[in-house]
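Working notes, structure below.
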Number of protein chains: 2
Amino acid sequence: MSTAKNNKPTESELEILGILWEKGAATVRDVHDELSKSKDAGYTTTLKLMQIMHEKGYLNRDASSKTHVYTAAISQENTQQQLLNKMIDTVFNGSASQLVMQALGHHTSSKEELDKIRQYLNDIEDQQKR
Amino acid sequence: MSTAKNNKPTESELEILGILWEKGAATVRDVHDELSKSKDAGYTTTLKLMQIMHEKGYLNRDASSKTHVYTAAISQENTQQQLLNKMIDTVFNGSASQLVMQALGHHTSSKEELDKIRQYLNDIEDQQKR
DNA sequence: ATTTACTTACGAAGATATTCGTAGATCAAT
DNA sequence: ATTGATCTACGAATATCTTCGTAAGTAAAT
């Protein structure tokens, strides 16, 4: 996985990355089928996109068999963090907690999830005390 | 403020919106000066951008005097929420709490902020009980 | 009234992202 | 070995975003 490079994936690229993060490894056909559920694009469009992503270093490709197999070359965590940082910066006036509350406010979360977050807050605070 | 329409602002548009959300109302000159602190673009570039945003319905414009005065036509909250939702959907596997924890984990937050979030969690839970 | 210092409007170039048709390779089944 | 299904590579059209030069208007100061 490693380095998230310097670039940021486009909207379409993120959709593909999302699928690959979930599936782990997949062919163009796999990705395209999954994509088709929510979108409406030709097969070669998906193919081209994934080729470009490979050139950019976003995807690894195993070309040993006729049908190539792709995996994400940039980690989900890194990408998430980069997008979050930019978003906090440009849209949330630099305040992470503002983002957090906005995210919580409009999403029904289970008690378990809320507890998990509370636990997380405690951990952070403990860590800061030391 | 009202409806956040169907569209999502581009990166550049968000920068301008951010400034207008903060300032409330501003001329192209105002926005451009502010923008220049972090960016390096010509005056007419900012102008054009704001004209387009006005056409798209992102900005209101008072053209009664020679120098037009702009305000944001879409609310910060709505825009934040739309961007958050898309992000949670495509990058965080639909889990808001995953986003929340990722956001908290890599940002140093003050005790006050953390408390505020905790309070917020309690409010949400109370609300759900009823 | 001319100059100077702004402004907006407009068009168009440049950059980037998205889409897809077509051609050629591969392989399994007839 | 021909057909049919599926794949990759490639090029190019289209769409969208970003940038800026130029022209024309306005208003204050000389």
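We name chains A, B, ... by the order of the sequence lines, and we start the count at 1 in each one.
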Taking only residues two or more places apart in sequence or in another chain, which ones pass side-chain hydrogen bond (donor to acceptor under 3.5 Å, both in side chains) with [X]?
{"X": "Q51(A)", "answer": "none"}
{"X": "S95(B)", "answer": "S97(B)"}
{"X": "K23(A)", "answer": "none"}
{"X": "T44(B)", "answer": "none"}

- Query: Do any of residues 42-51 of chain B sit with a heavy atom less than 4.0 Å from DNA chain D, and if so which?
  - Reply: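 Residues of residues 42-51 of chain B under 4.0 Å from DNA chain D: G42(B), T44(B), T45(B), K48(B).
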
- Strand-adjacent residues in residues 31-38 of chain A, judged by heavy atoms under 4.0 Å from DNA chain D: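 Residues of residues 31-38 of chain A under 4.0 Å from DNA chain D: none.
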
- Just to confirm, is there a sub-4.0 Å distance from OP1 or OP2 of dT16(C) to any side-chain nitrogen or oxygen of T10(A)?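 Indeed not, no polar side-chain atom of T10(A) lies that close.
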
- Query: Is there a side-chain polar atom (N or O) of R29(A) under 4.0 Å from OP1 or OP2 of dT8(D)?
  - Reply: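 Looking at the OP1 and OP2 atoms of dT8(D), neither is under 4.0 Å from any side-chain N or O of R29(A).
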
- Query: Under the side-chain contact (heavy atoms from CB on, under 4.5 Å) test, which residues partner E55(B), sequence neighbours left out?
  - Reply: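 Once residues adjacent in sequence are excluded, E55(B) has no partner under the side-chain contact (heavy atoms from CB on, under 4.5 Å) criterion.
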
- Item | Contact residues, residues 11-19 of chain A to DNA chain C [heavy atom, < 4.0 Å] |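 Heavy-atom cutoff 4.0 Å gives S12(A).
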
- Message: If you assign each of V69(B) and K39(A) to its closest nucleotide in DNA chain C, which residue comes earlier from the 5' end?
- Response: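 The residue closer to the strand's 5' end, by nearest nucleotide, is V69(B).
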
- Message: Under a 3.5 Å cutoff, is there a donor and acceptor pairing between the side chains of N78(B) and Q82(B)?
- Response: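 Short answer, no.
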
For [X] and [N], what is the distance between atoms [atom1] and [atom2] respectively, to the nearest whole Å?
{"X": "I52(B)", "N": "dT16(D)", "atom1": "CD1", "atom2": "C1'", "answer": "10 Å"}
{"X": "D62(B)", "N": "dT8(C)", "atom1": "CG", "atom2": "P", "answer": "12 Å"}
{"X": "M53(B)", "N": "dT19(D)", "atom1": "CE", "atom2": "P", "answer": "13 Å"}

- Note on the structure: A correct 5'-to-3' footprint of nucleotides 25-30 of chain C, with B, S and - meaning base, sugar-phosphate only and no protein heavy atom under 4.0 Å, is -B----

Would you mind writing out the side-chain donor-acceptor pairs for residues 29-37 of chain A within the sub-3.5 Å range, not counting sequence neighbours?
residue: D30(A); atom: OD2; partner: T27(A); partner atom: N; Å: 3.0
residue: D30(A); atom: OD2; partner: T27(A); partner atom: OG1; Å: 3.2
residue: H32(A); atom: ND1; partner: T46(A); partner atom: OG1; Å: 2.9
residue: E34(A); atom: OE1; partner: K37(A); partner atom: NZ; Å: 3.2
residue: S36(A); atom: OG; partner: H32(A); partner atom: O; Å: 2.7

- With sequence neighbours excluded, what pairs up with K66(A) under the salt bridge (charged side-chain N to carboxylate O under 4.0 Å, His left out) test?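 Per chain and number, K66(A) pairs via salt bridge (charged side-chain N to carboxylate O under 4.0 Å, His left out) with no residue.
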
- Message: Using the rule side-chain contact (heavy atoms from CB on, under 4.5 Å), only one of N93(A), L104(A), V91(A), L84(A) pairs with L99(A); which is it?
- Response: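 Between L99(A) and the candidates, side-chain contact (heavy atoms from CB on, under 4.5 Å) is satisfied uniquely by L84(A).
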
Indicate every side-chain donor-acceptor pair of residues 114-121 of chain A with a distance under 3.5 Å to a residue at least two apart or in another chain.
residue: D115(A); atom: OD1; partner: R118(A); partner atom: NH2; Å: 3.4
residue: D115(A); atom: OD2; partner: K111(A); partner atom: NZ; Å: 2.9
residue: R118(A); atom: NH1; partner: N122(B); partner atom: OD1; Å: 2.6
residue: R118(A); atom: NH2; partner: E125(B); partner atom: OE1; Å: 2.2
residue: Q119(A); atom: NE2; partner: D123(A); partner atom: OD1; Å: 3.1

